[in-house]
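Notes to accompany the following structure.
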Amino acid sequence: MKSKKKLRKFLKSMRFRLVIVFIFFGMLPGIVLSTGLVRGYENRAISIRCIDILNQAKILSDQIANTGYLEDVTLESINSRVELICNIYDGRVLVIDNTFHIIKDTYDLDTRKIIICEEVATSFQGSESNKYDPVNRYIQLTLPICDVDTQETLGVLLVSASTDVVRDAAANLKNIAVIVLLFAGFLITIFAVFVAGRFTWPFRKMSKSIEDIQIGYGEGLLLIDDYTETEEISVNINALLKSMKVLDESRQEFVSNVSHELKTPLTSMKVLADSLTGQTGAPVELYQEFMTDIASEIERENKIITDLLSLVKMDKAAADSLNITSVNVNELLELIMKRLMPIADQQNIELVLESFRPVSAEIDDTKMSLALTNLIENAIKYNDKPDGWVHVSLNADHQYFYVKVEDNGCGIPEESLDHIYERFYRVDKSHSKEIGGTGLGLAISRSVILMHRGAIKAFSTEGEGTIFTVRIPLKYIRA
Ligand SMILES: Nc1ncnc2c1ncn2[C@@H]1O[C@H](COP(=O)(O)OP(=O)(O)O)[C@@H](O)[C@H]1O
Ligand SMILES: [Mg+2]
């Protein structure tokens with residue numbers, strides 16, 4: 001089972017595939033060339049042999065015509081020449097007279113028999129024929145025996161010769177080619193294994209480096225610059241590692257911030273309680289005062305936990321956990337304003353809502369209400385001007401609705417504008433705490449707005465006021 005998996009892994013590897021490609025393309029030209037060479041040699045050798053035999057046969061046919069051999073087959077000069085040709089070409093000669101009778105057969109099998117075949121018939125008409133039979137491995141030639149003076153066909157000469165010699169030579173050549181190819185294949189394989197190993201080395205190096213980084217060895221950075229591709233992968237992985245590191249750091253920071261924020265009210269309560277228990281016979285008024293302080297610390301602890309819970313819920317809530325319904329945004333904002341009015345009145349702040357048109361949008365009303373409440377509450381809270389005001393406006397186009405929260409409060413310093421959405425970030429820690437802030441409000445608002453695929457922006461001039469603008473799509477965009 002395990003070895004099967006290993007084998008599959010090996011067959012799938014880039015190295016193995018490269019080796020196969022190298023061997024294939026390395027051997028292909030050799031194989032094509034050698035088969036072509038052997039074939040070419042064979043064809044050429046056979047055609048040369050054909051021409052040779054034909055020349056010899058022509059001379060013989062002229063001699064037969066001149067000497068009157070057709071009338072007297074015992075003529076020694078011709079017979080010896082016929083024997084010679086048979087010996088040289090490992091063949092058989094038939095001499096046929098004009099009555100289609102075989103008057104001479106060097107094999108002595110068919111003498112005096114009648115021969116009728118197409119080739120002989122064509123040669124009686126005056127033309128030569130030749131035929132190569134690759135299966136039985138012989139060449140057969142027929143040519144007319146013509147009278148020198150009248151050019152009349154007196155008979156036909158049929159010569160057949162074996163091509164075994166050519167065949168054997170070609171087979172020999174083929175064997176040599178196979179041996180050479182095998183040797184070349186061996187060399188190419190060694191070369192291919194080496195080159196494929198060299199090619200894939202950067203990738204193996206990369207995998208090893210990533211493994212090392214994972215274990216915690218190395219500098220935690222990848223740099224494989226053998227190829228442009230590996231360099232690009234290295235750069236991208238490094239970027240990924242960096243963002244993971246940042247994420248990890250921010251998580252650690254968050255945890256330490258949470259512990260700190262939760263501990264502060266507890267420390268105060270402990271101090272208050274200790275100082276009460278430390279005194280014997282403390283007056284009731286002191287008890288009452290300290291208990292009120294303890295209650296307000298409990299209140300604060302409660303608020304931090306509530307905010308934290310809604311933030312964590314927001315983080316965890318994938319967008320699909322939103323409870324999207326069609327909501328009348330004008331009514332939603334009016335309700336928020338009504339709820340915040342008492343706080344505004346308390347601080348003597350004029351709170352105004354201006355709706356430019358009726359807006360209905362697909363949103364999660366509870367979460368959106370939390371986000372907008374945070375913005376408007378901030379605008380009220382961070383405003384200690386005697387003639388303070390907060391203007392909220394609602395507008396829309398065919399794609400988005402826009403909420404603008406504008407105040408003439410204390411403003412946010414420019415260097416803090418980039419940080420206000422961070423968890424627990426407060427411009428002025430003590431002032432914010434006094435007001436009852438936890439530093440989580442804007443983080444929650446931003447989460448909600450991003451979950452709705454919207455955008456939030458802040459503009460501020462210190463000492464003059466702040467503007468928050470929110471843009472939310474009217475139709476909820478599913479992921
Ligand atoms: N409208 C505003 N005017 C001035 N400062 C603001 C305003 N809104 C937010 N801030 C600053 O941004 C910080 C972060 O706001 P937030 O996340 O709501 O936390 P907090 O719980 O302190 O209100 C606040 O502490 C405050 O310093
Ligand atoms: Mg706030």
Side-chain angles (χ1 to χ4, degrees), residues 250 253-254 257-258 260-262 264-265 296-297 299-315 333 336-337 339-344 346-353 367-393 402-451 454-470:
S250 92
E253 195 187 307
F254 178 62
N257 281 342
V258 168
H260 177 77
E261 297 290 333
L262 290 179
T264 317
S296 84
E297 289 298 333
E299 176 69 25
R300 179 164 169 72
E301 182 94 36
N302 194 22
K303 186 158 169 27
I304 295 173
I305 290 172
T306 314
D307 275 3
L308 263 177
L309 281 179
S310 41
L311 190 68
V312 170
K313 237 193 315 195
M314 224 67 80
D315 272 356
L333 269 175
I336 294 171
M337 299 296 271
R339 274 201 224 123
L340 291 175
M341 202 54 96
I343 315 177
Q346 206 178 33
Q347 282 186 237
N348 243 331
I349 290 194
E350 177 197 37
L351 186 57
V352 187
L353 170 66
K367 294 201 171 82
M368 188 54 71
S369 161
L370 185 65
L372 296 175
T373 306
N374 277 335
L375 292 183
I376 303 168
E377 202 181 340
N378 278 348
I380 300 168
K381 283 194 312 189
Y382 299 103
N383 193 337
D384 44 13
K385 297 266 170 73
D387 51 352
W389 50 256
V390 172
H391 290 173
V392 181
S393 74
Y402 305 88
V403 177
K404 188 157 101 176
V405 181
E406 196 174 352
D407 65 65
N408 67 338
C410 63
I412 303 167
E414 206 181 323
E415 66 273 13
S416 297
L417 267 181
D418 286 340
H419 302 287
I420 48 175
Y421 304 108
E422 289 167 14
R423 299 139 165 180
F424 298 115
Y425 183 85
R426 279 155 289 189
V427 176
D428 179 349
K429 257 200 156 136
S430 58
H431 180 55
S432 163
K433 211 163 145 186
E434 206 174 280
I435 288 169
T438 61
L440 293 171
L442 283 179
I444 295 171
S445 298
R446 200 175 92 102
S447 278
V448 172
I449 289 162
L450 293 187
M451 277 167 80
I456 177 167
K457 271 190 197 147
F459 310 88
S460 185
T461 317
E462 209 181 344
E464 281 179 27
T466 308
I467 303 174
F468 276 94
T469 60
V470 174

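Start at 1 and go down the list; that is how both ligands and their atoms are numbered.
Of all the atoms in ligand 1, the ones that sit under 4.0 Å from a non-hydrogen atom of Ala379 are 1 (N). Of all atoms in ligand 1, numbered sequentially from 1 with element shown, those under 4.0 Å from a heavy atom of Val427 are 11 (C), 25 (O), 27 (O). Interface atoms of ligand 1 facing Gly441, defined by a heavy-atom separation under 4.0 Å, are 16 (P), 17 (O), 18 (O). For ligand 1 and Lys381, the ligand atoms under 4.0 Å from any heavy atom of the residue are 23 (O). Atoms of ligand 1 found under 4.0 Å from any heavy atom of Ile412, numbered from 1 in the order shown, are 4 (C), 5 (N), 6 (C), 7 (C), 10 (N).
For the atom pair CG of Leu442 and CG of Asn378, the computed distance is 5.0 Å after rounding to the nearest 0.5 Å. Within the model, atoms CZ of Arg300 and OG1 of Thr438 stand 7.0 Å from one another, a figure rounded to the nearest 0.5 Å. To the nearest 0.5 angstrom, Ile349 atom CD1 is 11.5 Å from Met341 atom CE. Distance check: Leu450 CG to Ser445 OG gives 10.5 Å after rounding to the nearest 0.5 Å. To the nearest 0.5 Å, atom CG of residue Leu351 and atom CG of residue Asp407 are 11.0 Å apart.
Contacts of Val405 with ligand 1, taken as heavy-atom pairs under 4.0 Å, are absent altogether. At a heavy-atom distance under 4.0 Å, only side-chain atoms of Thr466, from C-beta outward, approach ligand 1.
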Apply side chain to side chain contact (heavy atoms under 4.5 Å, CB included) to Phe468 and Leu372, showing your working. CA-CA 10 Å; Phe468 276 94; Leu372 296 175; over 6 Å; no
Show your reasoning for whether side chain to side chain contact (heavy atoms under 4.5 Å, CB included) applies to Glu462 and Glu415. CA-CA 11 Å; Glu462 209 181 344; Glu415 66 273 13; 5.7 Å; no
For Phe424 and Leu440, what are the C-alpha separation, side-chain angles and deciding distance, and is it a side chain to side chain contact (heavy atoms under 4.5 Å, CB included)? CA-CA 5 Å; Phe424 298 115; Leu440 293 171; 3.9 Å; yes
Evaluate the criterion side chain to side chain contact (heavy atoms under 4.5 Å, CB included) for residue pair Leu311 and Arg423; output intermediate values, then yes/no. CA-CA 9 Å; Leu311 190 68; Arg423 299 139 165 180; 3.5 Å; yes
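Considering both main-chain and side-chain atoms, Arg426 never comes within under 3.5 Å of ligand 1 through any nitrogen or oxygen pair. Between Ala443 and ligand 1, a contact under 3.5 Å exists for no N or O pair. The shortest N/O to N/O separation between Gly437 and ligand 1 does not fall below 3.5 Å.
With 2.8 Å as the limit, Thr438 does not count as an N, O or S neighbour of the Mg ion (ligand 2).
Residue contacts with ligand 1 do not include Glu377, since none of its heavy atoms lies under 4.0 Å from the ligand. Contact annotation: Gly409 has no heavy atom less than 4.0 Å from any atom of ligand 1. For the pair Thr438 and ligand 1, a heavy-atom separation below 4.0 Å is found.
Of the protein's non-hydrogen atoms, Ile420 CG2, 3.5 Å is the one closest to atom 12 (O) of ligand 1. Counting only heavy atoms of the protein, atom 17 (O) of ligand 1 lies nearest to Leu442 N, 2.8 Å. Looking only at heavy atoms of the protein, atom 9 (C) of ligand 1 is closest to Asn378 ND2, 3.5 Å. Summary of contacts: the protein heavy atom closest to atom 13 (C) of ligand 1 is Tyr425 O, 3.7 Å. Of all protein heavy atoms, the one closest to atom 19 (O) of ligand 1 is Gly439 CA, 3.2 Å. The closest protein non-hydrogen atom to atom 23 (O) of ligand 1 is Tyr382 OH, 2.9 Å. Closest to atom 1 (N) of ligand 1, if we only count protein heavy atoms, is Asp407 OD2, 3.0 Å.
Between Val390 and Val405, the closest side-chain pair of non-hydrogen atoms falls below 4.5 Å. Contact of the Ser369 side chain with the Ile336 side chain is registered, since non-hydrogen atoms from C-beta on lie closer than 4.5 Å.
The shortest non-hydrogen separation linking Ser460 to Gly411 is OG-CA, 3.4 Å. Nearest approach of Leu370 to Ile444, heavy atoms of both residues: CD2-CG2, 3.7 Å.
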